[in-house]
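A, B, ... follow the sequence lines: proteins, then strands. Residue 1 opens every chain. Keep in mind that this is a model prediction, so the values were computed, not measured.
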Protein chains: 2
Amino acid sequence: MEVILSRKEQIEQTATALFKNRGFSATSMRDLANQLGIEAASIYSHIKSKEEILQRVCFRMANEFFEAIDQADVRNASASERLQAAIIAHVKVLTKNTEASAVFLHEWRHLSEPHHAEFLALRNRYEVHFREIIREGIKAGEFKVPDEKFAVLTILSALNWIHTWYKPEGKMNAEEIATNLATMLLNGLKQT
Amino acid sequence: MEVILSRKEQIEQTATALFKNRGFSATSMRDLANQLGIEAASIYSHIKSKEEILQRVCFRMANEFFEAIDQADVRNASASERLQAAIIAHVKVLTKNTEASAVFLHEWRHLSEPHHAEFLALRNRYEVHFREIIREGIKAGEFKVPDEKFAVLTILSALNWIHTWYKPEGKMNAEEIATNLATMLLNGLKQT
DNA sequence: AAAATTTGCTAACGAACGTTAGGTTGTTTA
DNA sequence: TAAACAACCTAACGTTCGTTAGCAAATTTT
């Protein structure tokens with residue numbers, strides 16, 4: 001299943017790996033060019049600026065995360081089931097592309113305005129989705145939690161370091177990781 | 001309780017705030033100087049290099065984390081109690097200085113060798129401490145967890161984003177946050 | 001009062017940075 | 001076959017970077 005990438009996509013992919021490993025600011029266009037085997041100036045035949053790459057990665061991943069939890073959301077289900085589905089969907093996106101996920105999670109702060117503000121608004125909307133499930137679960141007596149925002153941030157935090165250690169060839173596959181995390185975190189919410 | 005700081009400590013503190021907010025690479029010595037109200041060159045009367053600041057912050061925090069879990073460790077206690085104590089100790093260090101914690105957690109990768117390798121060794125040793133508690137808990141039947149490394153990383157991940165939202169004047173104080181997180185995470189480990 | 005230390009300055013260095021201009025080559029389209 | 005395009009080059013631009021040299025003033029120590 002060999003996917004053929006356009007030059008622009010190659011550049012984006014290579015840049016993503018560098019942004020993850022060294023950070024956006026510590027990655028120079030000459031580093032990127034070197035990795036691609038061309039001159040730095042040549043990159044500008046395909047992209048407009050260094051930040052354009054960052055923008056494309058950040059907003060593409062934001063879309064992927066939204067689509068994933070939207071598709072996974074099962075209406076008319078209990079809060080526990082809905083939260084489990086959202087967690088699994090989130091983890092699947094994270095593990096499908098750990099490099100782009102790392103950039104999405106850590107490098108967005110180097111976006112300039114108005115992209116920076118737009119990104120934060122999206123991220124907040126994403127968290128609201130989780131917050132609503134938690135609130136529903138509290139009302140239904142499924143969850144016992146001191147603060148819903150606190151709970152959401154803790155859950156997402158626990159999930160969002162997967163990219164630092166996940167390897168597709170590791171002993172746990174994405175599905176197992178997702179369900180293990182989901183049951184562990186759900187148990188944590190049901191404290192008596 | 002006004003603490004008088006030496007100029008060197010002032011520089012380190014101001015730099016730490018900038019490193020947290022913009023990242024090490026995106027913070028220039030001229031930014032730092034500007035914040036201090038002096039010229040960039042003047043900073044070099046007090047420090048040897050930009051990286052020296054990063055080194056001091058990273059290794060000072062590493063020490064603080066080690067001391068905290070060492071002091072909190074209660075021998076002859078159950079694994080649950082030991083883990084709870086370690087989590088609370090960890091959270092207290094995190095909340096006592098969120099800026100230095102953020103640098104410790106995210107900016108260490110900009111250390112040059114051999115400091116980079118030394119730092120990673122320390123961090124690994126720290127994780128081993130938690131891993132041993134988890135293993136003890138599994139053997140004693142207190143915890144049911146698929147993989148001890150997995151559990152430790154999940155716990156630390158859940159804790160290590162506190163610095164992004166914690167405010168001393170917020171509605172939860174450090175103690176409450178620590179115990180809430182500890183009970184939530186401990187419950188997660190006791191899944192049936 | 002002399003010596004030492006602290007704290008800062010101006011000026012400048014060489015290197016690295018993101019990016020642009022203008023040109024060449026090979027491939028695809030009309 | 002001509003025109004258009006894709007992909008890359010060399011050369012260079014203006015800027016910013018971390019840092020050094022050398023000096024001046026104030027403060028502290030001896």
Between N or O atoms, less than 3.5 Å apart, protein on one side and nucleotides 21-24 of chain D on the other: list the pairs.
none

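- In this structure, B/Asn34 atom CG and D/dT16 atom P are separated by 13 Å, rounded to whole Å.
- Within the 4.0 Å cut-off from OP1 or OP2 of C/dG8, at least one side-chain nitrogen or oxygen of B/Arg7 is found.
- Close to D/dA6, at under 4.0 Å from its OP1 or OP2, lies no side-chain N or O of A/His46.
- With values rounded to the nearest 0.5 angstrom, A/Ile11 atom CD1 is found 6.0 Å from A/Ile43 atom CD1.
- Note: CZ (B/Phe24) to C1' (D/dG18) measures 10 Å, nearest angstrom.
- Nucleotide D/dA7 holds its P atom 14 Å from the CD1 atom of A/Ile43, rounded to whole Å.
- In this structure, B/Leu32 atom CG and D/dG18 atom C1' are separated by 12 Å, rounded to whole Å.
- Proximity of the aromatic rings of B/His110 and B/His115 is defined here by a centroid distance below 6.0 angstrom, and this criterion is not met.
- Between A/Phe24 and A/Phe19, the two ring planes are perpendicular [angle over 60°; tilted spans 30° to 60°].
- For the pair B/Arg109 and B/Phe119, the NZ or CZ position fails the cation-pi test of under 6.0 Å to the six-membered ring centre and within 45 degrees of the ring normal.
- Comparing B/Ile11 and B/Arg30 by the nucleotide of DNA chain C that holds the closest heavy atom to each, the one mapping nearer the 5' end is B/Ile11.
- Going from atom CE of B/Met29 over to atom C1' of C/dC9 covers 16 Å, rounded to whole Å.
- Note on B/Ser28: only backbone sugar-phosphate atoms sit closer than 4.0 angstrom, heavy atoms only; bases stay farther off.
- Aromatic rings from A/His163 and A/His106 are positioned such that their centres are separated by under 6.0 Å.
- Annotation: side chain of A/Val91 is not in contact with side chain of A/Thr179 (no heavy-atom distance under 4.5 Å).
- When the nearest nucleotides of DNA chain C are assigned to A/Ala26 and A/Lys48 by heavy-atom distance, the more 5′-ward of the two goes with A/Ala26.
- Across the protein-nucleic acid pair, A/Glu39 atom CD and D/dA11 atom C1' stand 11 Å apart, rounded to whole Å.
- Atom CD in B/Gln10 sits about 15 Å away from atom P in C/dT6, given to the nearest Å.
- Heavy atoms of B/Thr27 sit under 4.0 angstrom from primed sugar atoms or phosphate atoms, though from no base atom.
- Using a 4.0 Å cut-off, some side-chain N or O of A/Ser42 falls inside it from OP1 or OP2 of D/dC9.
- Under the 6.0 Å cut-off for aromatic ring centres, A/Phe104 and A/Phe65 qualify, their centroids lying closer than that.
- Counting to the nearest Å, the C1' atom of C/dT7 and the CD atom of B/Glu9 are 16 Å from each other.
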